[in-house]
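See structure below.
Here the structure is a predicted model, which is why all the values come from computation and not from measurement. Scope of the values below: all heavy atoms of this structure, side chains included, with no hydrogens, waters or symmetry mates. Letters A, B, ... mirror the listed sequences (proteins, then strands); counts begin at 1.
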Number of protein chains: 2
Amino acid sequence: MSKHSPLNSIAFQNHDHSICIDQALALAEQRCHQLHARLTPQRKRVLELIWQSHKPLGAYDLLEMLNQASQKRIAPATIYRALDFLQATGLVHRLASLNAFTGCCAHDSHADCCFFICEQCRRVIEMEGNEVASIIDKSARQANFSYQQLSLEVVGLCPDCRTDQ
Amino acid sequence: MSKHSPLNSIAFQNHDHSICIDQALALAEQRCHQLHARLTPQRKRVLELIWQSHKPLGAYDLLEMLNQASQKRIAPATIYRALDFLQATGLVHRLASLNAFTGCCAHDSHADCCFFICEQCRRVIEMEGNEVASIIDKSARQANFSYQQLSLEVVGLCPDCRTDQ
DNA sequence: AATTGAAATGTTATATTATAACATTTACAC
DNA sequence: GTGTAAATGTTATAATATAACATTTCAATT
């Protein structure tokens with residue numbers, strides 16, 4: 001795999017997405033175990049909903065989905081807390097330009113991911129940002145800026161949508 | 001100037017900022033003239049407030065400043081319209097991770113700027129993103145993704161704040 | 001098994017950011 | 001001067017996110 005190939009390169013192809021979901025959840029269990037973090041049923045459910053979606057979900061989308069699925073009403077704070085946890089454990093990204101959340105495909109280097117966002121269908125490709133990160137690292141050094149985290153969001157048209165034009 | 005040097009490299013140094021403001025406003029006049037876009041007094045005032053600030057301002061910050069300065073009450077929509085205009089003409093950037101707006105230092109390539117954001121003092125360095133853009137361009141080609149615009153926001157500590165730690 | 005302290009969740013209220021929809025005013029081309 | 005499009009005013013509301021405090025759950029240790 002090249003240094004900058006898509007992590008979810010099959011995202012825009014037909015595939016058995018249930019396998020993606022299962023893998024992601026298994027990986028999440030594993031990582032949380034390592035971190036001594038608790039992937040509670042609620043947190044797991046949120047992660048699952050995020051992975052089930054083919055595009056990033058807003059907090060209130062998740063809220064609605066959870067509230068439709070069960071009887072008990074859940075409040076925004078609950079969702080945001082679950083999302084905070086999932087971000088802190090590197091399982092989910094927040095895409096600032098969309099105010100929405102997407103599952104993290106990276107095995108490590110959660111902090112340096114890049115996202116290609118289709119402005120038409122809203123689907124997302126996540127890329128390892130190693131190459132970009134090293135450029136930024138260099139620039140940061142020059143500017144004497146201590147760089148902690150980058151967020152790179154690229155807007156455009158995905159292969160499907162650009163041909164529909 | 002190297003391909004990736006800061007556009008506002010003196011941002012973290014003491015300087016006569018009124019010159020920055022004047023230059024930015026003059027450039028804005030010029031660009032709007034070229035574009036046959038109207039830099040109305042209100043739009044100009046918003047741009048001026050943004051440049052006067054040493055850190056990005058939220059829409060409601062601007063609202064408050066405008067409403068304190070004059071008698072007439074201005075509504076959010078007015079600010080957002082001015083900001084829309086300033087973004088469309090490439091005079092202002094919206095930093096998605098901050099929900100805030102900052103003056104654009106780039107002479108061209110407004111679409112490809114990178115930002116270093118100090119999480120402590122909230123000041124920002126803007127960089128030309130040419131180098132990053134070319135990497136992204138390459139990746140986009142490989143993924144058959146048509147890339148239109150990128151937004152790169154790097155969070156960390158500026159030279160001043162990292163030494164205060 | 002009971003105790004307990006920390007973590008997680010529930011609950012209510014509210015803050016913050018942004019837009020929709022329609023009315024009025026302004027500026028420029030003709 | 002007049003008509004027209006752009007800009008602004010105005011009112012209401014949508015969408016996103018957090019604060020503050022109460023309650024419950026979990027799991028480590030008696």
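Closest approach of Tyr147(A) to Ala140(A), counting heavy atoms only: CB-CB, 3.8 Å. For the pair Ala37(B) and Thr89(B), the tightest heavy-atom approach, listed with the atom from each and the gap, is CB-CG2, 4.1 Å. Nearest heavy-atom pair across Cys105(A) and Trp51(A) is SG-CH2, 3.9 Å.
Residue Val92(A) forms a side-chain contact (heavy atoms from CB on, under 4.5 Å) with just one option from Ile50(A), Val46(A), Thr102(A), and that option is Ile50(A).
We find that CD of Gln42(B) is positioned 12 Å from C1' of dT25(C), with the value rounded to whole Å. Computed from coordinates, the Asp84(B) CG to dT19(C) C1' distance equals 10 Å when rounded to whole Å. Straight-line distance from the CD atom of Glu64(B) to the C1' atom of dA15(C): 14 Å, rounded to whole Å. If you measure from atom CG of Leu98(A) to atom P of dA18(C), you get 14 Å, rounded to the nearest angstrom. Taking atom NZ of Lys72(A) as the reference point, atom P of dA8(C) lies 15 Å away to the nearest angstrom. Atom CG in Leu63(B) sits roughly 15 Å away from atom C1' in dA15(C) (whole-Å rounding). Arg94(B) places its CZ atom 10 Å from the P atom of dT17(C), with the value rounded to the nearest Å. The nearest whole Å value for the distance from the CG atom in Asp61(B) to the P atom in dT16(C) is 10 Å.
Heavy atoms from other residues, nucleotides or ligands lying under 6.0 Å from CZ of Arg94(A) number more than 12. Counting non-hydrogen atoms of neighbouring residues, nucleotides and ligands closer than 6.0 angstrom, the CZ atom of Arg122(B) reaches no more than 12 such neighbours.
For the pair Pro76(B) and Thr40(B), nearest-nucleotide mapping onto DNA chain D gives the more 5' position to Thr40(B). Two residues, Arg73(A) and Phe85(A), neighbour DNA chain C, and the one matched to the more 5' nucleotide by heavy-atom proximity is Phe85(A).
OP1 or OP2 of dA18(C) sits under 4.0 Å from a side-chain N or O of Tyr80(B). The side chain of Arg43(A) places an N or O atom within less than 4.0 Å of a non-bridging phosphate oxygen (OP1 or OP2) of dA8(C).
Atom CG of Asn130(B) and atom SG of Cys114(B) lie 8.5 Å apart (nearest 0.5 Å). Here the CD atom belonging to Gln23(B) is positioned 10.0 Å from the OG atom belonging to Ser18(B), to the nearest 0.5 angstrom.
Across all strands shown, Arg38(B) has heavy atoms under 4.0 Å from sugar-phosphate atoms exclusively, and none from any base.
The aromatic ring of Tyr60(B) does not stack onto the base of dT16(C), failing the criterion of a centre distance under 5.5 Å from the six-membered base ring together with planes under 30° apart.
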Tabulate below the donor-acceptor pairs under 3.5 Å that side-chain atoms of residues 55-68 of chain B make, not counting sequence neighbours, or state none.
from, atom 1, to, atom 2, distance (Å)
Asp61(B), OD2, Gly58(B), N, 2.8
Asn67(B), OD1, Ile74(B), N, 2.7
Asn67(B), ND2, Ile74(B), O, 3.2

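Protein chain A contacts DNA chain D from dT16(D) to dC26(D), reading 5' to 3' and using non-hydrogen atoms of the protein with a distance under 4.0 Å.
The end-to-end axis angle of the helix from dA1(C)-dT30(D) to dC30(C)-dG1(D), rounded to 10 degrees and based on five pairs per end, is 30°.
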